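Take a look at the structure set out below.
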Amino acid sequence: MSKKDGDFSDRVYWIVSQIPFGCVSTYGQIATYAGSARAARAVGNLMRQSLKNGQEVPWHRVINSRGGISSKGDTERAELQRRLLTAEGVEFGANQCCELDRFRWTPQEVFWDG
DNA sequence: TTAGTGACTGCAT
DNA sequence: CATGCAGCCACTA
């Protein structure tokens with residue numbers, strides 16, 4: 001453990017909170033902006049904890065690289081997420097995936113050093 | 001500090 | 001084209 005255990009997670013929460021209405025992002029993308037491009041898994045865990053911790057972040061706008069929803073057993077939460085995204089205008093195909101090229105969010109600010 | 005875990009991802013079968 | 005497998009990283013006990 002380090003002295004600052006809220007470094008990465010805080011950045012992730014902040015970045016996710018910056019995702020605008022009607023847009024989506026991927027775990028890997030969030031991880032990249034947070035500073036660790038390979039920490040997509042950790043981002044997923046943080047999102048799962050965000051619900052438990054009651055973090056006010058649009059966790060439903062974070063999906064996997066395929067443009068789909070990762071439920072890992074929690075089908076109820078998955079349906080909720082799909083419903084929320086659909087309500088925001090994100091269209092899901094029969095394969096339960098949306099077109100990332102069309103709905104992916106690209107931040108206009110630079111997060112890394114600069 | 002060590003070990004275990006998972007809402008990921010890309011490459012190989 | 002659909003599965004399987006092995007890295008990678010941060011968090012928790």
Side-chain angles (χ1 to χ4, degrees):
Chain A
M1 295 300 190
S2 301
K3 302 150 195 166
K4 295 167 60 180
D5 55 320
D7 186 17
F8 180 79
S9 60
D10 286 345
R11 289 190 182 187
V12 170
Y13 290 139
W14 178 74
I15 293 169
V16 173
S17 67
Q18 299 305 301
I19 303 175
F21 184 95
C23 293
V24 297
S25 185
T26 65
Y27 300 99
Q29 192 174 2
I30 298 299
T32 301
Y33 295 144
S36 298
R38 313 295 178 196
R41 232 173 186 178
V43 172
N45 288 349
L46 289 175
M47 290 298 97
R48 176 134 87 72
Q49 290 182 7
S50 71
L51 288 173
K52 174 186 172 190
N53 296 343
Q55 295 290 337
E56 296 180 0
V57 295
W59 54 268
H60 57 278
R61 292 175 189 159
V62 183
I63 57 183
N64 59 32
S65 61
R66 297 176 184 174
I69 298 173
S70 299
S71 52
K72 195 70 178 186
D74 297 339
T75 51
E76 293 185 11
R77 188 201 54 74
E79 283 189 30
L80 173 61
Q81 183 170 8
R82 185 190 63 71
R83 187 171 56 189
L84 288 170
L85 290 175
T86 301
E88 295 190 359
V90 179
E91 301 175 10
F92 280 81
N95 56 353
Q96 299 294 345
C97 294
C98 67
E99 297 181 21
L100 286 175
D101 297 332
R102 191 170 159 186
F103 300 103
R104 184 191 291 186
W105 165 64
T106 302
Q108 298 179 350
E109 305 261 347
V110 183
F111 296 132
W112 55 85
D113 300 337

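Just so we're clear, the structure is a prediction, and the values are computed from it rather than from any experiment.
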- For nucleotides 7-13 of chain B, just jot down a letter per nucleotide in 5' to 3' order: B, S or -, based on protein non-hydrogen atoms under 4.0 Å. BBSS---
- Message: For a quick test of reading the model, state the closest non-hydrogen atom pair linking A:S25 to A:I30 and the distance between them.
- Response: OG-CD1, 3.5 Å
First locate atom [atom1] of [X], then atom [atom2] of [Y], and finally report the distance between them rounded to the nearest 0.5 Å.
X	Y	atom1	atom2	value
A:M47	A:Y13	CE	OH	6.0 Å
A:L51	A:L46	CG	CG	11.5 Å
A:I69	A:F92	CD1	CZ	4.5 Å

- Message: Would you say that A:I63 contacts A:L100 through its side chain, given a criterion of any heavy-atom pair below 4.5 Å between the two side chains?
- Response: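 SC-SC contact between A:I63 and A:L100 confirmed.
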- Message: Could you check whether any side-chain N or O of A:E99 sits under 3.5 Å from a backbone N or O of A:E91, counting only pairs where one atom can act as donor and the other as acceptor?
- Response: no
- Message: Tell me which pairs pass side-chain hydrogen bond (donor to acceptor under 3.5 Å, both in side chains) where either residue lies in residues 45-64 of chain A, with sequence neighbours left out.
- Response: A:H60-A:E88, A:R61-A:E88, A:N64-A:S70
- Query: Quick one: is C:dA10 close enough that its OP1 or OP2 comes under 4.0 Å of any side-chain N or O from A:S36?
  - Reply: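 For C:dA10, OP1 or OP2 has a side-chain N or O of A:S36 closer than 4.0 Å.
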- Query: Atom CD of A:Q55 and atom C1' of C:dC11: how far apart are they, to the nearest Å?
  - Reply: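 From A:Q55 CD to C:dC11 C1': 14 Å.
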- Neighbours of DNA chain B within residues 86-98 of chain A, by heavy-atom distance under 4.0 Å: none
- Answer yes if A:I15 and A:Y27 sit in the same cluster of Ile, Leu, Val, Met, Phe, Trp and Tyr residues linked by side chain heavy atoms under 4.5 Å apart, and no otherwise.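 Both belong to a single hydrophobic cluster.
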